[in-house]
A.B. asks: 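The structure that follows is given in the form of structure tokens.
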Amino acid sequence: MNVTLPDGKVLTLGHGATGGDVAGAIGPGLAKAALAVEVDGKVWDILRPLEGDANLRIITRKDPEALELIRHDTAHVLAMAVQDLFPGTQITIGPNVEDGFFYDFVRPTPFTPDDLPKIEARMREIVRADLPTRREVWNRAEAIKHFEEIGETYKAEIIRDLPGSDVITVYYHGDWHDLCRGPHFSSTGKIGQGFKLMKIAGAYWRGDAKNAQLQRIYGTAWRDEKELDAYLKRLEEAEKRDHRRVGREMDLFHMQEEAVGQVFWHAKGYSLYRELENYIRRKLSWAGYDEVKTPLLLDRKLWEQSGHWDNYRKNMFVAEVDDEKKTLAVKPMNCPGHVLVFKQGTKSYRELPLRIAEFGSCHRYEPSGSLHGLMRVRGFVQDDAHIFCTHDQITSETTAFCRLLLDVYRDLGFEDVRVKLSTRPENRIGSDEIWDKAEKALADATTAAGLDFALNPGEGAFYGPKIEFVLRDSIGREWQCGTLQVDFNTADRLGATYIAEDGSKHPPVMLHRAVLGSMERFIGVLIEHYAGKFPLWLAPVQAVVTTIVSDADAYAGEIAAELKAAGLRVELDLRNEKINYKVREHSLAKVPYLLIVGRREAENRTLTVRRLGVEAQESLALTDAIPMLRADAVPPDLRRP
RNA sequence: GCCGCAGUAGCGUAGUGGUAGCGCAACCCCUUGGUAAGGGGUAGGUCGCGAGUUCAAUUCUCGCCUGCGGCACCA
């Protein structure tokens, strides 16, 4: 049996040799470090006998595969510990997730938070006991029978649903066993102690709300305790920039019971909101959009006609008055309103593409459990627009939109953008010919804008394909914000047409598109991306003028007034506090510019500038400082290069 | 919506079957201090809401509301 190593070297071994034997043949050090092997591209147990000639690579703790194995082995140890401590608990599945793993259990009484330390302690014992791992191949029927007999009905169900071609393998760790595809380490001790149980949660069997709810335990696992600590520290840091926390600390917004899922924007938060809105408004205006404003309440009949009443009635707020029989619905989206605007007067092909934009206030009755700060709300404003165009204009309009979006994201501090293209679903309207055309148009347009896309087959809307834009924030999290959807249906359904070159009437194609998605959510993303330290043009308070001694009060007031006159958002802090205290406080408040004046500055008509996060101070003449600050605060789209 | 947990002053928290403390913030006084917390004092609470048990409930029980962590959902 010949084994080829990554460097091209070929080792000849006897029949039945394992990956461990290969490592041993290379050297004793490697034999010790080897945790698993990659055999012809697949990760195998170190103790599994090779089945013939193969390309083989030794996996040690440093390899990314090792971390995956650590996590999955830890999931097994979790299941062992749980069954040990809570006899009668059924095990179901326990896959890896980002940064860790979970295992889903079936148990009449739910776990409590107090159980976690107990389970974790038992897990550490199991790891220290270094129980040996054994892999067995089982007969399918016997496996089903076995798991039924020991009361593991979910495991039996899993086996029944496995494709007939799959080999049924069972892994033993000591006496405990589990149905598992593997691979695993040769013993539980190889896991190490860099793991921790994180939380308990309910989760539906097979991810379906119609099924039973299982008890899920989440854990995290790393190569060693140092990596674990680093991870826990990262979580703490992420928590510090949580938009709900920063929003309170910086007095940006609040939410309360009387308006569940809706935002009370405070003066500072709304300043940020308006700055962002005005920025988008300028971008839209330059991109040839017409901004409109349409009613929040529209007759039920319109929603029936558009199809929303049938499909989304449960998620709509309705409004009724005593004196009229009409039912009005609070708009959950802006499309019908924009179609009604389009339908005013006769539209010619010469007017297309017609881009109708709106900062559209929408309300949706979202499930209570899905609400999350600004990220998922019931009342929100979309930076929405509908482009009414011909089939031939889809590509060019989409390309232009991609460019606009990338431009905006870059201005807002996001360079890393991914695109997903969702294609025709099973249930759809329109001919395959039109779908072919639309999908190709989106693909071509995205490529033309210099973007790569990932395919999301079958995930499109029933009325047309769509692209979605996912941005990555400063700590690596991804957020889906922008979208563009092709719609062959709505205009026709609501009776909107244009007159073509040959005098015939056609419904226009509608492109539904949003750059930010929702103002609320995007501001949430911005808060977390910048951890509240906004670029100057967005910062709610751009500068604080403060004094060292009260003799400088009058001068400080003069500076604040001049800056205000220059269009800056300035606050004046004349409190009788030490300068150390004020510096600390305004730094924690994330104010970009601290302008400090004492006796010296008042005499020379200068000021001392301290930028957030920079300890160095700079002394400037007042006459120089004002134009400098004003220039610095110009929004990115208004800067002359 | 489902599972679990939680709700005490603006924020962060302690605590108890006999109606509540602490820190920061607020307010007042002293301090005028040159770049990340100067000192002293004062005020602030229907312990989420409703019911039940009890001589007595913030504490125990039930229901509801809201929030948090997941799951499901997201036109």
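Chain letters run A, B, ... following the sequence lines, proteins first and then strands; every chain starts at 1. Given the structure is predicted, the values throughout are model-derived calculations rather than measurements.
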A.B. asks: Under a 3.5 Å cut-off for both contacts, is U42(B) paired Watson-Crick or G-U wobble with anything, and if yes, with which nucleotide?
C.D. replies: A26(B)

A.B. asks: Roughly how far apart, to the nearest Å, are A56(B) and G23(B) at atom C1'?
C.D. replies: 32 Å

A.B. asks: For Tyr365(A) and A75(B), is the shortest distance between a side-chain N/O and OP1 or OP2 below 4.0 Å?
C.D. replies: no

A.B. asks: What contact category does Gln256(A) fall into here, base, sugar-phosphate, or nothing, at under 4.0 angstrom with non-hydrogen atoms?
C.D. replies: nothing

A.B. asks: In this structure, how many angstroms lie between the P atom of C5(B) and the CD atom of Gln213(A), rounded?
C.D. replies: 13 Å

A.B. asks: Can you classify the ring geometry of His386(A) versus His512(A) as parallel (below 30°), tilted (30 to 60°) or perpendicular (above 60°)?
C.D. replies: perpendicular

A.B. asks: Can you figure out which of G1(B), A72(B), A25(B) approaches the side chain of Ala209(A) most closely?
C.D. replies: A72(B)

A.B. asks: Between A75(B) and Arg313(A), is there an OP1 or OP2 to side-chain N/O distance shorter than 4.0 Å?
C.D. replies: no

A.B. asks: Can you check the distance between U32(B) and U19(B), where both ends of the measurement are the P atom (answer in whole Å)?
C.D. replies: 46 Å

A.B. asks: Output yes when at least one side-chain N/O atom of Tyr204(A) is less than 4.0 Å from OP1 or OP2 of C73(B), else no.
C.D. replies: no

A.B. asks: Can you say whether a donor on the side chain of Arg364(A) sits under 3.5 Å from an acceptor on the base of C73(B), or the other way round?
C.D. replies: no

A.B. asks: Looking at Trp303(A), does the NZ or CZ of Arg300(A) lie under 6.0 angstrom from its six-membered ring centre and within 45 degrees of the ring axis?
C.D. replies: no

A.B. asks: Between C11(B) and A25(B), how far is it from one P atom to the other, in whole Å?
C.D. replies: 16 Å

A.B. asks: Looking at His512(A), I'd like to know whether one of its side-chain N or O atoms comes within less than 4.0 Å of OP1 or OP2 on A75(B).
C.D. replies: no

A.B. asks: More 5' along RNA chain B: Phe462(A) or Leu371(A), using each one's nearest nucleotide?
C.D. replies: Leu371(A)

A.B. asks: Have a look at Leu214(A) and say if it touches a base, only the backbone sugar-phosphate, or nothing, with a 4.0 Å heavy-atom cut-off.
C.D. replies: nothing

A.B. asks: For G63(B), which nucleotide in any strand shown is its Watson-Crick or wobble partner with both distances under 3.5 Å?
C.D. replies: C49(B)

A.B. asks: Take Arg600(A) and Gly369(A), find for each the nucleotide of RNA chain B with the closest heavy atom, and name the residue whose nucleotide sits nearer the 5' end.
C.D. replies: Gly369(A)

A.B. asks: Rounded off to whole Å, could you give me the CG-to-P distance for the Asp99(A) and G70(B) pair?
C.D. replies: 12 Å

A.B. asks: Between G12(B) and C47(B), how far is it from one C1' atom to the other, in whole Å?
C.D. replies: 16 Å

A.B. asks: Between G38(B) atom C1' and Ile548(A) atom CD1, what is the distance in whole Å?
C.D. replies: 16 Å

A.B. asks: Please give the distance between the P atoms of U59(B) and U46(B) as a whole number of Å.
C.D. replies: 16 Å

A.B. asks: Does OP1 or OP2 of C74(B) have a side-chain N or O of Ser370(A) closer than 4.0 Å?
C.D. replies: no

A.B. asks: When the C1' atoms of G48(B) and A57(B) are considered, how many whole Å apart are they?
C.D. replies: 16 Å

A.B. asks: Check whether the ring centres of Phe105(A) and Phe86(A) lie less than 6.0 Å apart, and answer yes or no.
C.D. replies: no

A.B. asks: Expressed in angstrom and rounded to an integer, what is the separation of Asp573(A) atom CG from A26(B) atom P?
C.D. replies: 10 Å

A.B. asks: Any donor and acceptor pair, going by atom type alone, linking the side chain of Glu478(A) with main-chain N or O of Val470(A) inside 3.5 Å?
C.D. replies: no

A.B. asks: Determine whether any donor atom in the side chain of Glu601(A) lies under 3.5 Å from an acceptor atom in the base of G34(B), or the reverse, and answer yes or no.
C.D. replies: yes

A.B. asks: Grab the CZ-P distance between Arg216(A) and C5(B) for me, whole Å please.
C.D. replies: 18 Å

A.B. asks: For Phe414(A), does the six-membered ring have the charged nitrogen or CZ of Arg472(A) within the cation-pi criterion, i.e. under 6.0 angstrom from the centroid and within 45° of the normal?
C.D. replies: no

A.B. asks: Go ahead and name the base partner of G4(B); Watson-Crick or wobble counts if both distances stay under 3.5 Å, otherwise write none.
C.D. replies: C68(B)

A.B. asks: Would the distance check show the side chain of Gln382(A) and the main-chain N or O of Cys362(A) forming a donor-acceptor pair, the cut-off being under 3.5 Å?
C.D. replies: no

A.B. asks: Could you state the CG-P distance from Asp208(A) to A72(B), rounded to the nearest angstrom?
C.D. replies: 10 Å

A.B. asks: Suppose you measure atom C1' in C28(B) against the same atom in G67(B); what distance do you get, rounded to whole Å?
C.D. replies: 36 Å

A.B. asks: Within the side chain of Asp104(A), is there an N or O that forms a donor-acceptor pair under 3.5 Å with the backbone of Leu214(A)?
C.D. replies: no

A.B. asks: Quick one: look up who C73(B) pairs with, Watson-Crick or G-U, both distances under 3.5 Å, and put none if it's unpaired.
C.D. replies: none

A.B. asks: Which whole number of Å gives the distance between the P atom of C3(B) and that of C22(B)?
C.D. replies: 41 Å

A.B. asks: Sub-3.5 Å donor-acceptor pair from the side chain of Arg107(A) to the main-chain atoms of Thr89(A), do we have one?
C.D. replies: no

A.B. asks: Can you measure Asn580(A) atom CG to A36(B) atom C1' for me and round it to whole angstrom units?
C.D. replies: 7 Å

A.B. asks: Taking pairing as Watson-Crick or G-U wobble with both contacts under 3.5 Å, can you name the mate of U19(B), or confirm there isn't one?
C.D. replies: none

A.B. asks: Would you say C68(B) has OP1 or OP2 under 4.0 Å from some side-chain N or O of Arg244(A)?
C.D. replies: yes

A.B. asks: Sort out the partner of A36(B) for me: Watson-Crick or G-U wobble, both distances under 3.5 Å, none otherwise.
C.D. replies: none

A.B. asks: Between the base of A36(B) and the side chain of Arg610(A), is one N or O donor paired with an acceptor at under 3.5 angstrom?
C.D. replies: yes

A.B. asks: Take the protein atom CG of Leu116(A) and the nucleotide atom C1' of G69(B), then report the distance between them rounded to whole Å.
C.D. replies: 12 Å

A.B. asks: Taking the six-membered ring of Tyr593(A), is the NZ or CZ of Arg611(A) close enough (under 6.0 Å from the centre) and on axis enough (within 45°)?
C.D. replies: yes

A.B. asks: Identify whether any heavy atom of Gly307(A) sits under 4.0 Å from a base atom; if not, whether one sits that close to sugar-phosphate; answer base, sugar-phosphate or nothing.
C.D. replies: nothing

A.B. asks: Taking pairing as Watson-Crick or G-U wobble with both contacts under 3.5 Å, can you name the mate of U58(B), or confirm there isn't one?
C.D. replies: none

A.B. asks: Could you please name the option among A75(B), A26(B), G69(B) that lies closest to any side-chain atom of Ala201(A)?
C.D. replies: G69(B)

A.B. asks: Just N and O in the side chain of Lys199(A): are any of them under 4.0 Å from OP1 or OP2 of G70(B)?
C.D. replies: yes

A.B. asks: Pick base, sugar-phosphate or nothing for Thr112(A), based on heavy-atom distances below 4.0 Å to the nucleic acid.
C.D. replies: nothing

